[in-house]
Structures are given as structure tokens and as C-alpha cells.
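Beneath this line is the structure, given in C-alpha cells, with notes to follow.
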Amino acid sequence: MPQIKSTPQKDDNFWEKVVQVVKQIPEGRVSSYGAIASFLGLTKSARMVGYALNNCKHIQHEVPAHRVVNRNGLLTGKHNFEGNSMQEKLMAEGILVEKDQVVNFKSLFWNPEELIK
DNA sequence: AGTCTGACGGTAT
DNA sequence: AATACCGCCAGAC
């Protein structure tokens with residue numbers, strides 16, 4: 001469980017929602033911070049998604065945070081993982097990474113909106 | 001209380 | 001096409 005430190009009221013549990021969504025990312029697919037933020041109704045707060053994952057890094061083993069990259073497919077969060085484990089985890093799922101960037105990102109991209117369907 | 005810093009993204013130059 | 005800036009907002013100082 002992520003530690004929610006913000007005030008209980010405004011607390012929409014954004015962090016938890018982020019975790020829930022990220023958990024739904026299928027293996028071998030990737031998504032972006034912006035897409036998740038948008039899906040949660042905070043279109044302009046993509047940074048908060050990364051921030052949330054950072055907050056939840058202690059449960060990283062349950063959250064495929066490595067499948068979340070920025071809108072260009074760039075592994076911007078790489079340095080938050082040990083060594084280059086982010087890339088390694090992606091590669092292990094068959095996702096090609098070249099120069100810190102997901103190859104064929106556009107077709108591997110998974111939009112949270114698919115959850116609704 | 002003021003300032004700075006991000007696992008970002010869009011717009012302007 | 002490449003930078004530069006700006007909005008976003010919770011935390012750390």
C-alpha cells in the first residue's frame with residue numbers, strides 16, 4: 001500500500017489510482033505518464049504520476065512501473081531503478097529498448113482507456 | 001512562508 | 001527540428 005500523506009479530504013487517492021492503472025498495463029506493452037494522468041482526470045499533471053510511482057517504489061515488485069515511460073517512449077525514470085533494471089525488465093518482456101527509448105513505442109503503447117471497453 | 005525540484009507535456013520561439 | 005518556457009502540485013528544506 002502506498003503511503004498517503006496528503007490531507008484526507010482533497011485526497012482523491014491519486015497515488016492509489018495510479019497504481020491501480022499501472023497494474024493493468026499488459027505485459028509486453030507500455031504506457032505513458034500523461035495518458036495515465038489524463039485517464040485519471042488530471043490531464044495537466046503528468047508529473048504527479050511519476051511522482052506517485054516514486055512514492056510507491058517500495059511496492060515496486062507489485063507495480064510494473066518499468067512499463068511507464070514518457071510520451072516519446074523515453075525511459076526517463078530509468079535512474080530510479082537499480083542500474084538499468086528498467087530496461088532489462090522491458091527487454092525481458094520482449095520490448096526492445098534502444099538508446100533509452102522503446103522501439104516501436106507507438107504500436108506497443110497501451111492506453112488506459114482500453115479499461116473502459 | 002518562500003523557493004526549488006522533479007519518473008511530464010504542451011505551446012511558443 | 002531543436003530549444004526554451006510555462007503550468008502542474010506535492011515534498012523537502
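Heavy atoms only: backbone and side chains are in, while hydrogens, waters and symmetry mates are out.
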Quiz item: Expressed in angstrom and rounded to an integer, what is the separation of Arg47(A) atom CZ from dG11(C) atom C1'?
Solution: 13 Å

Quiz item: Whole-Å distance between dG9(B) P and Leu42(A) CG?
Solution: 14 Å

Practice problem: Assess whether atom NZ of Lys89(A) is packed by more than 12 heavy atoms of other residues, nucleotides or ligands within 6.0 Å. | Solution: yes

Self-check item: Interatomic distance where CH2 belongs to Trp15(A) and C1' belongs to dA10(C) [whole Å]
Solution: 6 Å

Practice problem: Determine the interatomic distance between C1' on dA2(C) and the same-named atom on dA7(B); round to the nearest Å. | Solution: 23 Å

Quiz item: Which residues in residues 70-96 of chain A have at least one heavy atom lying under 4.0 Å from any atom of DNA chain B?
Solution: Asn70(A), Arg71(A), Thr76(A), Gly77(A), Asn80(A), Phe81(A)

Exercise. Could you tell me whether a side-chain N or O of His58(A) sits under 3.5 Å from a main-chain N or O of Asn55(A), the two making a donor and an acceptor?
Key: yes

Quiz item: Looking only at atom types and distance, does a side-chain atom of Asn111(A) sit under 3.5 Å from a main-chain N or O of Glu113(A), one as donor and one as acceptor?
Solution: yes

Quiz item: Given atom CG of Asn55(A) and atom P of dG11(C), what is their separation to the nearest angstrom?
Solution: 7 Å

Quiz item: Do Leu75(A) and Val102(A) have side chains that get closer than 4.5 Å, going by heavy atoms?
Solution: yes

Quiz item: Please walk me through it: do Leu115(A) and Trp110(A) pass side chain to side chain contact (heavy atoms under 4.5 Å, CB included)?
Solution: CA-CA 10 Å; Leu115(A) 285 175; Trp110(A) 177 81; 3.9 Å; yes

Quiz item: Once you round it to whole Å, what is the distance between P of dC8(C) and CZ of Phe14(A)?
Solution: 15 Å

Quiz item: dA10(C) P sits how many Å from Lys57(A) NZ, rounded?
Solution: 19 Å

Exercise. Round to a whole Å and report the spacing from NZ of Lys44(A) to P of dC8(B).
Key: 19 Å

Quiz item: Any idea which of dG6(B), dG9(B), dA7(B) is nearest the Asn54(A) side chain?
Solution: dA7(B)

Exercise. Check every atom of dC9(C), dG9(B), dG11(C) against the side chain of Tyr51(A) and return the nucleotide holding the closest atom.
Key: dG11(C)

Practice problem: Would you check if Asn80(A) and Met86(A) make a side-chain contact, meaning some heavy-atom pair closer than 4.5 Å? | Solution: no

Quiz item: So what does Ala65(A) hit on the nucleic acid, given a heavy-atom distance under 4.0 Å: a base, only sugar-phosphate, or nothing?
Solution: base

Quiz item: dG6(B), dG9(B), dC9(C): which one has an atom nearest the side-chain heavy atoms of Ser32(A)?
Solution: dG9(B)

Quiz prompt | Side chain to side chain, Phe39(A) and Lys17(A), heavy atoms closer than 4.5 Å | solution = no

